[in-house]
**Student:** 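Can you keep this structure in mind? I'll have questions shortly.
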2 protein chains.
Amino acid sequence: MHLLVIGGSDAGISAALRARELDGEVDITVVLADAYPNFSICGIPYYVSGDVTDWHDLAHRSRSDIEALGITVVTDTAAERIDVADHEVTARGRGGATIELGYDRLVIATGARPVRPPIAGIEHLGPAEGVHLLHTMTDTHAVMETITGRRVESAVIVGAGYIGLEMAEALCTRGIEVTEIEALPEVLPTVDRELAHLVRDELTGHGVDVETATKVTGIDVSSGRLSVEMTGKAAGRERSAKTGRATGRATGKATGGRSEQVADMVLVVTGVEPDTTLAGKAGIDLAGNGAIVVDRRMATNAPDVFAAGDCVVTHHVLIGETYLPLGTTAHKQGRVAGENAIGGDRCFAGSLGTQVVKVFDVVAARTGLRDDEAEAAGFHPRTEGSIADDHKAYYPGAGAVHVRTTGDAKSGRLLGVQMIGAIRTAVHKRIDTAATAIFAGLTLDELSDLDLSYTPPLGSPWDVLQAAAQRWVMPAG
Amino acid sequence: MHLLVIGGSDAGISAALRARELDGEVDITVVLADAYPNFSICGIPYYVSGDVTDWHDLAHRSRSDIEALGITVVTDTAAERIDVADHEVTARGRGGATIELGYDRLVIATGARPVRPPIAGIEHLGPAEGVHLLHTMTDTHAVMETITGRRVESAVIVGAGYIGLEMAEALCTRGIEVTEIEALPEVLPTVDRELAHLVRDELTGHGVDVETATKVTGIDVSSGRLSVEMTGKAAGRERSAKTGRATGRATGKATGGRSEQVADMVLVVTGVEPDTTLAGKAGIDLAGNGAIVVDRRMATNAPDVFAAGDCVVTHHVLIGETYLPLGTTAHKQGRVAGENAIGGDRCFAGSLGTQVVKVFDVVAARTGLRDDEAEAAGFHPRTEGSIADDHKAYYPGAGAVHVRTTGDAKSGRLLGVQMIGAIRTAVHKRIDTAATAIFAGLTLDELSDLDLSYTPPLGSPWDVLQAAAQRWVMPAG
């Protein structure tokens with residue numbers, strides 16, 4: 001039995017490791033297009049910030065750790081063709097030589113690629129000019145080369161999602177002047193604006209220039225620096241004050257309905273799309289957005305071909321099939337694919353879209369559905385906001401946790417929770433309690449009934465989530 | 001409708017508040033024996049330590065907050081007799097005057113009282129000599145009077161449960177030399193010794209002298225100081241080195257099979273027992289240990305009489321009726337009693353014995369059953385230990401979380417989790433995820449499948465609990 005895995009990131013390596021864990025004999029090969037098997041892509045901002053000093057440390061496991069398990073790792077080799085009838089993959093190495101890799105079972109884990117938004121000029125600009133997409137270790141090395149090689153003092157980040165915000169912190173930590181631009185009305189559009197504005201406050205409090213409801217329309221190079229053109233809110237108001245910023249490094253000016261921001265580097269981080277050209281060419285079923293269609297066993301429509309991670313449709317516990325690329329999900333799906341590829345019969349339990357991001361000293365997290373998402377999924381949602389201290393106020397260091405709780409008005413079922421608080425309020429693990437409750441189908445009443453831990457320095461007799469549940473059940477006035 | 005509540009601590013006040021929340025009209029009176037309604041007893045160590053400077057701040061709510069809701073609060077008035085047939089309570093004020101309080105519905109929330117262990121001499125010693133039990137605000141004031149009045153430089157704590165450990169930290173924080181004595185083989189006997197020894201290390205690392213497997217047999221007063229006699233492990237080994245301790249304040253010597261520790265203050269904190277003399281005299285059913293027998297609605301066998309908190313038997317989700325006095329449980333049971341007393345029909349969902357304690361910089365937590373408890377309850381338990389970092393090791397500050405996971409070998413159901421780690425590892429909220437999973441009846445496989453949050457500075461793609469679950473399912477070696 002030979003298991004072939006295409007892709008060496010979270011899903012691919014998880015599949016290989018699970019297969020090996022269950023079967024010491026099966027022959028396993030992982031082929032990947034770059035030189036970085038099993039790297040923690042989520043860790044990139046912390047290498048850029050300097051928190052991680054050696055990029056090698058970003059590997060979940062080293063190549064030799066993986067090889068020590070008897071897994072063959074073929075790097076710098078891009079799969080170009082899958083022959084599903086003949087059970088064969090054609091791949092090309094850096095030198096141009098092609099190899100044929102046969103398989104009994106195949107796991108496709110080709111991941112996602114960054115979206116290129118419609119920005120004029122972007123097609124001619126790249127790392128050489130200081131314009132970067134950021135998704136892989138190769139991209140990361142290019143960014144670091146720009147930062148040091150061009151002595152970057154100012155940067156524009158296009159996109160204020162998770163990676164954009166983490167990179168804003170990272171560049172700021174390096175002493176770079178950051179302008180963060182988001183087309184939507186608030187940063188971190190994956191949580192409600194009632195909470196997300198607290199993330200914006202954290203950014204501006206650390207000196208990040210945040211421009212929301214602002215669209216980048218073009219990027220130009222002039223005398224070695226980059227000029228970012230934008231329309232929208234930032235352009236509509238007076239920006240002349242900006243030119244007088246303390247450092248004077250990043251400058252902006254407004255003309256008519258447009259404005260312009262000059263910077264040494266531009267990062268474009270506006271989301272990803274499934275990277276499934278290979279699967280599509282092989283005749284494997286793709287969804288409307290291009291993601292590979294898989295069942296709960298992570299099997300594709302092609303015989304003996306499984307797929308997992310950012311390249312597939314994801315089963316969501318509350319809404320069924322969707323597209324929701326996340327590292328945690330990739331690990332889980334990869335594990336299921338690896339088990340089933342060697343003859344197992346496990347189902348992917350489903351995602352809740354649980355996510356958390358640290359932005360300086362603040363943590364924002366969510367799990368399940370927001371009000372509009374729940375409505376769209378056919379629920380009868382109601383969402384209530386609440387605030388409670390993470391621990392008894394009499395003990396020093398108590399901090400507010402802001403919560404938004406979504407439940408189904410008909411059944412009383414918990415559908416979603418969003419939270420924000422300082423790092424020390426443990427929002428990142430409080431959200432897990434909510435995720436577990438949603439996964440188990442608990443009602444808001446049951447959430448209030450849970451036997452959660454309490455000691456005054458670390459909690460309250462009624463936990464933040466229970467206070468939120470009680471508020472949902474009996475909204476104030 | 002007149003609701004009378006006997007007891008002004010967590011259960012009693014929760015009952016009154018819930019009744020008021022649901023019904024603005026019902027007449028509510030809370031009668032309590034001391035002057036401290038709604039005080040956070042769990043907060044006492046943090047007042048003693050000096051973290052809380054004003055003891056008034058330990059109140060969850062002030063008396064006037066409660067009265068502002070139209071709840072009558074009668075302090076310093078001890079209920080002496082319940083006439084269940086006539087629906088009348090006789091109580092006596094400090095001055096000796098008796099009052100008769102009629103009721104339509106009664107909630108008994110008389111709590112617990114500290115156990116007095118069989119220590120020779122203890123019956124003649126009290127606060128005047130520097131010997132204290134510690135359970136109420138009155139006790140707390142007495143302890144503080146001893147500490148300041150007697151200029152306490154050394155203290156012996158008898159009992160290394162939650163309160164004993166918190167008080168060891170508190171006294172240590174005040175600069176007092178602490179000897180912590182526990183009859184059982186390890187401190188914090190509510191968690192497995194494999195973990196509890198880490199708490200001992202934290203205590204000794206902060207200069208606390210810890211003597212386990214050591215029984216206090218007597219306390220004597222000699223020349224104004226207290227002499228604590230003990231037998232067991234501490235007495236069996238050479239203690240002469242102790243007399244040379246840096247401060248020279250606390251001194252111990254060994255003679256034969258006994259040893260002696262001299263100190264300025266002794267705290268006896270060896271657990272509590274239900275305080276139900278009143279209920280017993282009224283003919284209300286008591287369990288073998290003296291706790292009031294209640295159903296899931298918190299109703300006693302007497303008509304219109306409910307009971308809640310440390311004075312009642314507690315329904316445990318996994319083992320049924322037991323006795324497990326905890327502040328969180330008292331709040332929940334009180335809330336149920338208050339709702340049902342005014343005509344509601346809610347059940348107490350049950351306890352899992354979820355507990356957490358902070359000892360200096362370490363946090364220990366548990367929920368559900370340990371191996372022996374599960375065995376006794378008829379399960380087929382297996383317990384596995386595991387260790388994982390709280391977040392990706394490449395990001396600074398990662399800390400080990402030590403876990404012991406108990407599951408049922410037949411069904412795969414999660415039965416219990418114990419955890420210990422540094423404060424920043426968020427053990428206190430990780431245990432809540434386990435509590436939620438147990439409450440919902442999840443298996444270890446399902447725990448591994450949960451969609452929990454991840455970002456490198458705060459977690460791993462597989463959470464600590466998921467790694468523990470996977471280790472349980474496939475034990476190493």
Side-chain angles (χ1 to χ4, degrees), chain A residues 10 21 40 42-43 46 51-52 57-58 60 162 317 326-332 349-358 363 365 367 392-396 423-424 426 428-433 435-437 439-442 446 449-459 461-463 474, chain B residues 10 21 40 42-43 46 51-52 57-58 60 317 326-332 348-358 363 365 367 392-396 423-424 426 428-433 435-437 439-442 446 449-459 461-463 474:
Chain A
D10 294 343
E21 182 179 40
S40 171
C42 302
Y46 311 103
D51 288 309
V52 178
D57 290 342
L58 291 183
H60 289 301
Y162 289 83
V317 172
L326 288 167
T328 43
T329 302
H331 276 85
K332 291 188 183 73
S351 168
L352 283 167
T354 309
Q355 294 164 70
V356 62
V357 63
K358 180 188 97 67
V363 176
T367 187
K392 291 302 298 178
Y394 59 69
Y395 188 87
I423 290 177
R424 65 174 189 282
H428 61 296
K429 290 297 109 181
R430 291 178 192 276
I431 203 71
D432 286 355
T433 301
T436 307
F439 180 90
L442 300 192
E446 289 170 318
D449 281 343
L450 290 174
D451 186 12
L452 306 181
S453 83
Y454 163 54
T455 183
L458 299 167
W462 296 106
D463 182 78
M474 287 188 81
Chain B
D10 294 344
E21 181 179 42
S40 171
C42 301
Y46 311 103
D51 287 310
V52 178
D57 290 341
L58 290 184
H60 289 302
V317 172
L326 288 166
T328 42
T329 301
H331 276 85
K332 292 188 183 73
F348 171 58
S351 167
L352 283 168
T354 308
Q355 296 164 69
V356 63
V357 63
K358 180 188 98 66
V363 176
T367 186
K392 290 303 296 180
Y394 59 69
Y395 189 87
I423 291 177
R424 65 175 190 281
H428 61 296
K429 290 297 110 183
R430 291 178 192 275
I431 203 70
D432 287 354
T433 301
T436 307
F439 180 90
L442 300 193
E446 288 170 320
D449 281 343
L450 290 173
D451 187 12
L452 306 181
S453 82
Y454 164 53
T455 182
L458 299 167
W462 296 106
D463 181 77
M474 287 187 82

**Student:** Could you have a look at A:Glu446, A:Lys358, A:Arg430 and say which one has the most heavy-atom pairs with chain B under 4.5 angstrom?
**Tutor:** A:Arg430
**Student:** Let me know if B:Val317 has heavy atoms under 4.5 Å from chain A in its side chain, its backbone, both or neither.
**Tutor:** neither
**Student:** Could you check which of A:Val356, A:Asp10, A:Asp57, A:Ile423 has the highest count of heavy-atom pairs closer than 4.5 Å to chain B?
**Tutor:** A:Val356
**Student:** Just give me the residue among B:Gly459, B:Ala437, B:Ser40 that pairs up with chain A most often, heavy atom to heavy atom, under 4.5 Å.
**Tutor:** B:Ser40
**Student:** With only heavy atoms counted, which part of A:Lys332 is less than 4.5 Å from chain B, the side chain, the backbone, both or neither?
**Tutor:** both
**Student:** Quick check for you: to the nearest 0.5 Å, what is the distance between B:Leu352 atom CG and B:Thr436 atom OG1?
**Tutor:** 9.0 Å
**Student:** Give, as side chain, backbone, both or neither, the part of A:Leu442 having an atom under 4.5 angstrom from any heavy atom of chain B.
**Tutor:** side chain
**Student:** Run through B:Ile431, B:Asp432, B:Leu452 and flag the one making a side-chain contact (heavy atoms from CB on, under 4.5 Å) with A:Thr433.
**Tutor:** B:Asp432
**Student:** Shorter than 4.5 Å, heavy atoms on both sides: which option in A:Gln355, A:Arg424, A:Glu21 has the most such pairs with chain B?
**Tutor:** A:Glu21
**Student:** So do the side chains of B:Tyr46 and A:Thr455 get within less than 4.5 Å of each other, counting heavy atoms only?
**Tutor:** yes
**Student:** What part of B:Leu458 is in contact with chain A, defined as an atom under 4.5 angstrom from a non-hydrogen atom: side chain, backbone, both or neither?
**Tutor:** both
**Student:** Among B:Gly441, B:Pro396, B:Gly327, which residue forms the greatest number of heavy-atom pairs with chain A at distances under 4.5 Å?
**Tutor:** B:Pro396
**Student:** Side chain, backbone, both or neither: which part of B:Tyr454 has a non-hydrogen atom closer than 4.5 Å to chain A?
**Tutor:** both
**Student:** If you count heavy-atom pairs under 4.5 Å with chain B, which of A:Pro457, A:Ala426, A:Gly353, A:Ala440 comes out on top?
**Tutor:** A:Pro457
**Student:** Looking at B:Asp463, B:Thr367, B:Val357, which has the largest count of heavy-atom pairs under 4.5 Å with chain A?
**Tutor:** B:Asp463
**Student:** Answer yes or no: is there a donor N or O on one side and an acceptor on the other, between the side chain of B:Thr354 and the main chain of A:Asp451, under 3.5 Å?
**Tutor:** yes
**Student:** Start with the C-alpha gap between B:His60 and A:Lys392, add the side-chain angles, then the distance that decides, and say whether side-chain hydrogen bond (donor to acceptor under 3.5 Å, both in side chains) holds.
**Tutor:** CA-CA 8 Å; B:His60 289 302; A:Lys392 291 302 298 178; 2.7 Å; yes
**Student:** At a heavy-atom separation under 4.5 Å, does B:Ala365 approach chain A through its side chain, its backbone, both, or neither?
**Tutor:** neither
**Student:** What is the minimum heavy-atom distance between B:Tyr394 and A:Gly43, and which atoms define it?
**Tutor:** OH-CA, 3.1 Å
**Student:** Roughly how far, to the nearest 0.5 Å, is CG of A:Leu58 from OH of B:Tyr395?
**Tutor:** 13.0 Å
**Student:** Can you tell me if B:Ser453 uses its side chain to pair, donor with acceptor, with the backbone of A:His428 under 3.5 Å?
**Tutor:** yes
